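Here the structure is a predicted model, which means the values were calculated and not measured.
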Amino acid sequence: MKILLAAPQDRTVLGIIGVYCRRTLERMGNEVSVFDFRLHPYSQAKCICSLKALLRRLMPRVPSLYDVPAIMEATDRKINSLLLERARREGPDILLVLCGENILADTIRQIRDEAKAVTANWFHDSMLSANRQQLIHSAFSAYDHIFMVDSSGVLEHLGVRLNNTHTLPLACEPHIHRRMELSVAEIAQYGSNVAFVGTVTPKREEILEELAEFGLKIWGRWNGSSRRLKGCYQKQDIYMEEAVKIYNASKIVVDIHGLYGSGTPVFNVTPRVFEVPASGGFLLTNNIPQVAEFYGIGREMIVYDSTEELKRLIGYYLERPEERAAIADKAYQRARKEHTYSHRLAQLLETVNAKSRNASRRQDE
């Protein structure tokens with residue numbers, strides 16, 4: 001099957017997901033062509049890129065040209081033109097877009113009508129994300145399929161009507177998320193009693209401050225630095241294999257959903273719910289309904305309802321390494337058996353192909 005994958009291939013969150021999807025689709029025997037909609041088409045020459053990097057260092061507070069609305073609009077028009085041109089030339093069976101924040105509804109319709117491709121979007125973020133609302137309302141209705149990480153209740157919560165929506169959570173990549181043999185030096189560097197990997201938002205910081213006493217290490221982005229967490233901050237840029245070393249070396253990994261404690265309903269789990277167990281790590285995550293759809297609560301996954309309960313669970317499982325290892329092993333088996341990108345993309349392609357077959361039958365009749 002010919003698939004045009006519109007996704008970045010860099011070390012952003014979406015770029016890493018894009019790499020996982022490309023590799024998985026290729027292993028499944030598909031012919032995959034990648035279009036990176038985040039590349040700026042006017043500035044790929046090496047001399048221009050070098051000049052931009054120099055100016056950014058010399059004048060870090062000066063806005064980028066791409067922050068100017070008129071230039072952004074011109075850039076987006078060019079990107080959409082290039083995507084349409086690529087689809088016309090290659091004639092893919094499927095256009096699969098990951099998020100696609102600057103891909104216009106008219107472009108999707110043209111690709112569907114002119115290139116005769118089935119169009120699908122796998123939206124990696126929650127539909128509740130404030131910075132995604134314009135995309136949801138302006139472009140999503142143009143796709144043949146929308147695959148979202150949220151459960152279906154999110155649409156009713158938002159008051160949004162969309163056809164052909166399917167819940168498809170993120171996953172683990174077993175070639176990356178795996179058990180590792182670490183050196184003594186690596187265990188010392190990446191290991192801790194408790195680890196948190198992710199962006200430190202104000203709410204997360206408030207919770208993490210309560211965990212500092214357990215020997216906490218924080219890996220990921222943070223803006224301000226809490227005095228109580230001063231000795232906990234490690235490294236901000238953590239990707240792929242390095243994150244897996246943390247999951248392997250740490251006794252407990254704590255997952256805190258971005259909406260936890262906000263009063264807003266939560267309709268999805270974080271990728272760590274799949275990535276940490278697939279790496280052999282022991283995870284404590286928020287008690288939200290979606291977790292029980294993927295793991296047996298209490299047997300394969302341990303959840304908490306409050307910071308006080310989280311602290312109690314950390315203390316309990318730090319003192320019980322054998323019990324902790326048994327639960328982690330069950331989650332490891334489940335994640336690798338049912339929650340990989342191969343499983344997710346096979347489900348996506350089956351859903352897309354099933355609709356295409358049904359449409360062909362109706363035309364024949």
### Task
Take Asp329 and Arg179, measure what salt bridge (Lys or Arg N to Asp or Glu O under 4.0 Å) needs, and give me the verdict at the end.
CA-CA 11 Å; Asp329 187 64; Arg179 287 173 171 160; 2.8 Å; yes

### Message
For Thr167 and Phe147: C-alpha separation, side-chain torsions, deciding distance, then whether side-chain contact (heavy atoms from CB on, under 4.5 Å) applies.
### Response
CA-CA 6 Å; Thr167 294; Phe147 295 89; over 6 Å; no

### Task
Could you walk me through whether Val254 and Ile256 pass side-chain contact (heavy atoms from CB on, under 4.5 Å), step by step?
CA-CA 7 Å; Val254 171; Ile256 307 171; 3.8 Å; yes

### Query
What do the steps show when you test Val253 against Phe196 for side-chain contact (heavy atoms from CB on, under 4.5 Å), and what is the final call?
CA-CA 6 Å; Val253 180; Phe196 173 80; over 6 Å; no

### Message
Please evaluate residues Gln234 and Gln189 with respect to the criterion side-chain contact (heavy atoms from CB on, under 4.5 Å), reporting the C-alpha separation (whole Å), side-chain torsions for both, the decisive distance (0.1 Å), and the verdict.
### Response
CA-CA 9 Å; Gln234 302 300 308; Gln189 178 182 356; over 6 Å; no

### Task
Apply side chain to side chain donor-acceptor pair (under 3.5 Å) to the pair Ser33 and Arg86, showing each step before the final yes or no.
CA-CA 9 Å; Ser33 174; Arg86 175 82 77 82; 2.8 Å; yes

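Residue pairs meeting the side-chain hydrogen bond (donor to acceptor under 3.5 Å, both in side chains) criterion with at least one member in residues 191-202, sequence neighbours excluded, are Asn193-Lys251.
In this structure, Glu173 does not pair ionically with Arg23, as no charged nitrogen and carboxylate oxygen lie closer than 4.0 Å. With respect to Glu242 and Lys235, a salt bridge is recorded, a charged nitrogen being found less than 4.0 Å from a carboxylate O. Classification of Arg312 and Glu308 as a salt-bridged pair fails, no side-chain N sitting under 4.0 Å from a carboxylate O. Using a 4.0 Å cut-off between charged side-chain N and carboxylate O, Arg88 and Glu114 make a salt bridge. Remark: Asp237 does not engage Arg11 in a salt bridge, criterion side-chain N to carboxylate O under 4.0 Å. Under 4.0 Å is where a charged nitrogen must lie from a carboxylate oxygen, and between Lys245 and Glu241 no such pair does.
Using modelled atom types, no side-chain atom of Glu319 and backbone atom of Ile314 make a donor-acceptor pair closer than 3.5 Å. Ser250 places no side-chain N or O within 3.5 Å of a backbone atom of Ile252 that could act as its donor or acceptor partner. Under the 3.5 Å distance criterion, the side-chain polar atoms of Arg27 are left unmatched by any main-chain donor or acceptor of Arg22. Side chain of Glu186 to main chain of Ser183: a donor-acceptor pair is present (N/O by atom type, distance under 3.5 Å, no hydrogens or angles). No donor-acceptor pair under 3.5 Å is formed between the side chain of Arg132 and the backbone N or O of Met127. A distance-only check finds no donor-acceptor pair linking the side chain of Asn102 to the backbone of Asp76 [under 3.5 Å]. With hydrogens and angles ignored, the 3.5 Å screen pairs a side-chain donor or acceptor of Asn286 with a backbone N or O of His257. With Tyr20 contributing its side chain and Ala171 its backbone, the two residues share no donor-acceptor pair below 3.5 Å. Under a 3.5 Å cut-off, the side chain of Tyr295 and the backbone N or O of Val273 do form a donor-acceptor pair. Although no hydrogens or angles enter the test, the distance criterion places no donor-acceptor pair under 3.5 Å between the side chain of Asn80 and the main chain of Thr107.
Just one residue in the list Glu206, Glu210, Glu205 forms a salt bridge (Lys or Arg N to Asp or Glu O under 4.0 Å) with Arg228, and that residue is Glu210.
Smallest separation of non-hydrogen atoms from His339 and His343: N-ND1, 3.8 Å. Closest non-hydrogen pair, Asp150 versus Asp125, comes out as OD2-O, 4.2 Å. Taking all atoms of both residues into account, the shortest heavy-atom contact from Gly261 to Lys203 is CA-CE, 3.9 Å. Val149 approaches Ser126 most closely through the heavy-atom pair CG2-N, 4.3 Å. Nearest heavy atoms, His124 versus Val13: CD2-CG1, 4.5 Å. For the residue pair Ile288 and Asn268, the shortest heavy atom distance occurs at CD1-O, 3.3 Å.
Other residues, nucleotides and ligands contribute more than 12 heavy atoms inside 6.0 Å of the CD atom of Glu293. For CZ of Arg227, the number of neighbouring non-hydrogen atoms (other residues, nucleotides, ligands) closer than 6.0 Å is 12 at most. Within 6.0 Å of atom NE2 in His157, more than 12 heavy atoms from other residues, nucleotides or ligands are found, so the atom counts as buried in its surroundings. Atom CG of Asn223 is surrounded by 12 or fewer heavy atoms from other residues, nucleotides or ligands within 6.0 Å. Other residues, nucleotides and ligands contribute only 12 or fewer heavy atoms inside 6.0 Å of the CG atom of Asn163.
Side-chain atoms of Ser279 and Asn248 include no donor-acceptor pair closer than 3.5 Å. Side-chain contact annotation: Ser226 with Glu209, donor-acceptor N/O pair under 3.5 Å present. For the residue pair Arg272 and Thr285, no side-chain donor N or O sits within less than 3.5 Å of a side-chain acceptor on the partner. No side-chain N or O of Asn287 forms a donor-acceptor pair with one of Tyr304 less than 3.5 Å apart.
Note: Tyr247 and His177 fail the aromatic proximity criterion, with ring centroids not under 6.0 Å apart. You'll find the ring centres of Trp219 and Tyr190 inside the 6.0 Å limit. Between Phe123 and Phe140, the distance from one ring center to the other falls under 6.0 angstrom.
Side-chain heavy atoms closer than 4.5 Å link hydrophobic residues (I, L, V, M, F, W, Y) into clusters, and following such links, possibly through other members, connects Leu170 to Leu349. A continuous path of ILVMFWY side-chain contacts below 4.5 Å connects Leu4 to Leu82, so both sit in one hydrophobic cluster.
Residue Ser129 holds its OG atom at 7.5 Å from CD1 of Ile136, rounded to the nearest 0.5 Å. Atom CG of Leu96 and atom CG of Leu348 lie 5.5 Å apart (nearest 0.5 Å).
In this structure, Arg320 forms a cation-pi arrangement with Tyr316, its terminal cationic atom sitting closer than 6.0 Å to the ring centre and no more than 45° off the ring axis. Because its NZ or CZ atom is not both nearer than 6.0 Å to the ring centre of Tyr332 and within 45° of the ring axis, Arg178 does not count as a cation-pi partner of that residue. Taking the ring centre of Phe294 as origin, the terminal cationic atom of Arg334 falls outside the region bounded by 6.0 Å and 45° from the ring axis.
Under the 4.5 Å side-chain criterion, counting only non-hydrogen atoms from C-beta, Thr119 is not in contact with His145.
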